[in-house]
There are 2 protein chains.
Amino acid sequence: MKIATYNVNGINARLPLLLQWLKEASPDIVCLQELKAPQERFPLKEINAAGYQAIWNGQKSWNGVAILAKNREITEVQRSLPGDPEDLQSRYIEAIIDQMVICCLYLPNGNPYPGAKFDYKLSWIKRLQRRTNQLIKMELPAILIGDFNIIPEPIDVYKPERWENDALYRIEVRKAYKELQKKGWMDSIRTLYPEEKIYTFWDYLYKAYDRNAGIRLDHILLSPFLSPQLQSGGVDRHVRGWEKSSDHTPVWIILDRSSKP
Amino acid sequence: MKIATYNVNGINARLPLLLQWLKEASPDIVCLQELKAPQERFPLKEINAAGYQAIWNGQKSWNGVAILAKNREITEVQRSLPGDPEDLQSRYIEAIIDQMVICCLYLPNGNPYPGAKFDYKLSWIKRLQRRTNQLIKMELPAILIGDFNIIPEPIDVYKPERWENDALYRIEVRKAYKELQKKGWMDSIRTLYPEEKIYTFWDYLYKAYDRNAGIRLDHILLSPFLSPQLQSGGVDRHVRGWEKSSDHTPVWIILDRSSKP
DNA sequence: GACAGGTGGG
DNA sequence: CCCACCTGTC
């Protein structure tokens, strides 16, 4: 069972490239972020034609998340992160697929720091912690997956000193990420590659991809029930080099679902 | 000697297609309209690489005209239509190439009628008449070429009755066009094909090209000195069918320059 | 640097 | 319907 995440930065601008990648990577479950399309402009027809079912949470111009599944039923359980009914940003969608809870998230960027946007990021993280603590308590097989907009460690950024006061690298959000891990959420890519420099995002500016000036923002975290099933994983780095690419690139893992405890 | 006019509707958006057409049509002189680029964003490098010299009169966002010549010296003589120093729109450029005066023009559209824009069109035409009368008086070999935004006759529009109060077809501007002809300017395409329905523009909307709902707006007028040299001419209609085409299509004539009187 | 979306123009 | 250009976002 292959599960992937991809911040597409505009689902309609990215559609040909997304379909190309779906064909070559053939993931079973895909979480998308930054659709940048209102609910009615999600390209369902083309996604269906590629062999995927989909649920999504659209928004005009910004944000927007989706979950795709190949030959599998998707049961939507949440289409916003509980805890603030006044939060209208489409950054969260949760579903059950193949007996797993899939939490697809697009965590706020939070820049500039300090400021209201950073505060919003912190409060969003608090709500995420409440939700994810519940999932742990209930001992559910669950996955937190998506664009966390958090650089977890110095190894995850090409030049840590430049990022000290960036909302992606601030101590507060890195602490929160560590907190998730303490509660039992396993960072699959870092677990598979404990010492490698691995990036999932390269800025469009300043030829960041050519210089490999990247950062690691897109994560797949497994609940204790699922972490023993982790078999392999990786970053489809080459997709970032494609013509008309997103500034992020897909990240994936493979779970051995037969090895249920 | 092949001389052509093409309203490109955005020189930079149209560049690949323009280069394609230059290669296949190989005109000696080309007049372009609606560059929609400021002076410094004219793609001179690519035009040069295609084998053409160029002069142009750019403007941010709108208008803009250029004259291209292959293996020929271009001597610019005017970069605006005389008669109104307060007119800042880039709609006219005049040059001498191969002993001919080339007047490349992008006449104002004039819609809506009635109104200030239509008045501007009429006053622009007055200035054009003054300039072109001078050229006739001086018995110069000259060409008026470009997007006139004038539908000369009922035969030049797919449905004349729909256009009665459109600035492109108003009696005032059609009269002015006839006046030019009376002064000696010869409409080369209409002379070559006296009875054919010939269009040079099809609207992007309502599949106008598929329905052949076109109009004839782009003209090549020859002064009495040059009209005897007219050999052939045509409209490169197929270019309008290309992917990412302008709403206009190129018009061209061939002059026999050896037959000077 | 690239996205969406709005504008003014045709 | 498509152009350029502006803004806001990341």
Side-chain angles (χ1 to χ4, degrees), chain A residues 7-15 17-18 33-38 41-42 58-64 89-91 106-113 115-118 120-121 147 149 166-168 201-211 213 215 217-218 240 242-248, chain B residues 7-15 17-18 33-38 41-42 58-64 89-91 106-113 115 117-118 120-121 147 149 166-168 201-211 213 215 217 240 242-248:
Chain A
N7 178 321
V8 290
N9 188 15
I11 181 81
N12 286 299
R14 206 70 56 226
L15 190 57
L17 194 143
L18 172 64
Q33 303 86 37
E34 279 204 87
L35 304 180
K36 289 185 171 178
R41 291 201 50 209
F42 184 87
Q59 180 180 331
K60 197 170 86 170
S61 294
W62 293 296
N63 311 317
Q89 302 189 21
S90 297
R91 298 181 168 277
Y106 173 49
L107 210 142
N109 176 296
N111 275 308
Y113 167 86
K117 290 188 177 183
F118 188 73
Y120 172 61
K121 181 175 194 168
D147 177 0
N149 272 317
D166 192 288
L168 307 184
F201 169 96
W202 296 262
D203 207 300
Y204 285 125
L205 289 83
Y206 320 119
K207 303 197 180 279
Y209 182 63
D210 296 342
R211 296 186 296 122
I215 54 187
L217 294 181
D218 303 273
R240 181 60 180 83
W242 287 355
E243 194 78 11
K244 299 227 28 144
S245 156
S246 167
D247 41 7
H248 294 250
Chain B
N7 178 320
V8 289
N9 188 16
I11 182 81
N12 287 300
R14 206 68 57 224
L15 191 57
L17 195 143
L18 171 65
Q33 302 86 37
E34 279 205 89
L35 303 181
K36 287 185 170 178
R41 290 203 49 209
F42 184 87
Q59 180 181 332
K60 194 170 87 171
S61 294
W62 293 297
N63 312 315
Q89 301 189 23
S90 296
R91 296 181 169 276
Y106 173 50
L107 210 140
N109 176 295
N111 275 308
Y113 167 85
K117 291 189 177 182
F118 188 74
Y120 172 63
K121 181 175 194 166
D147 177 0
N149 271 318
D166 192 288
L168 307 184
F201 169 95
W202 296 262
D203 207 302
Y204 285 124
L205 288 82
Y206 319 121
K207 305 198 176 276
Y209 182 64
D210 296 343
R211 296 184 297 123
I215 54 186
L217 294 181
R240 179 61 179 82
W242 287 354
E243 195 79 11
K244 298 227 29 144
S245 155
S246 167
D247 40 7
H248 295 250

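Letters go in sequence order (proteins before strands), and every chain restarts at 1.
Counting only heavy atoms from C-beta outward, the side chains of Asn149(A) and Pro108(A) never approach each other to under 4.5 Å. When side chains are defined from C-beta on, Lys117(A) does not count as touching Asn109(A), because their heavy atoms never get closer than 4.5 Å.
The CG-C1' distance, from Leu35(B) to dC5(D), rounds to 16 Å in whole Å. When the P atom of dC3(D) is taken as reference, atom CG of Leu15(B) falls 13 Å away, rounded to whole Å. Between Tyr106(B) atom OH and dG9(C) atom P the separation is 12 Å, expressed in whole Å. The CH2-C1' distance, from Trp202(B) to dC1(D), rounds to 16 Å in whole Å. As a whole-Å value, the separation of Gln59(B) CD from dC3(D) C1' is 14 Å. Taking atom CG on Asn63(A) and atom P on dC10(D), their separation rounds to 7 Å, with Å as the unit. The interatomic distance linking Asn7(B) (CG) with dC3(D) (P) rounds to 13 Å, in whole Å. In this structure, CG of Asn12(B) is placed 9 Å from P of dC5(D), rounded to the nearest angstrom.
OP1 or OP2 of dC10(D) has at least one side-chain nitrogen or oxygen of Lys117(A) nearer than 4.0 Å. Side-chain N/O atoms of Lys36(A) include none lying less than 4.0 angstrom from OP1 or OP2 on dA2(C). Of the side-chain N and O atoms in Arg41(B), one or more sit less than 4.0 angstrom from OP1 or OP2 of dC5(D). Close to dC6(D), at under 4.0 Å from its OP1 or OP2, lies a side-chain N or O of Lys60(B).
Listed nucleotides: dG9(C), dC3(D), dG5(C). Nearest to the side chain of Asn9(B): dC3(D). The listed nucleotides are dC3(C), dC5(D), dG1(C); the one nearest the side chain of Pro38(B) is dC5(D). The side chain of Ala13(B) has dC3(D) as its nearest neighbour among dG1(C), dC3(D), dA4(C). Side-chain proximity of Arg91(A) to the nucleotides dC10(D), dG1(C), dC1(D) is greatest for dC10(D). Relative to the side chain of Leu205(A), the nucleotides dG1(C), dA4(D), dC3(C) differ in distance, and dG1(C) lies closest.
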Step by step, work out the side-chain contact (heavy atoms from CB on, under 4.5 Å) result for Lys121(A) and Tyr113(A).
-> CA-CA 10 Å; Lys121(A) 181 175 194 168; Tyr113(A) 167 86; over 6 Å; no
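Residue Tyr204(A) is the one, among Asp247(B) and Tyr204(A), whose nearest nucleotide of DNA chain C lies closer to the 5' end (criterion: closest heavy atom).
Inspection of the Lys36(A) and Asn9(A) side chains reveals an N or O donor paired with an N or O acceptor under 3.5 Å.
For the pair Arg240(A) (side chain) and Trp202(A) (backbone), a donor-acceptor distance under 3.5 Å is present.
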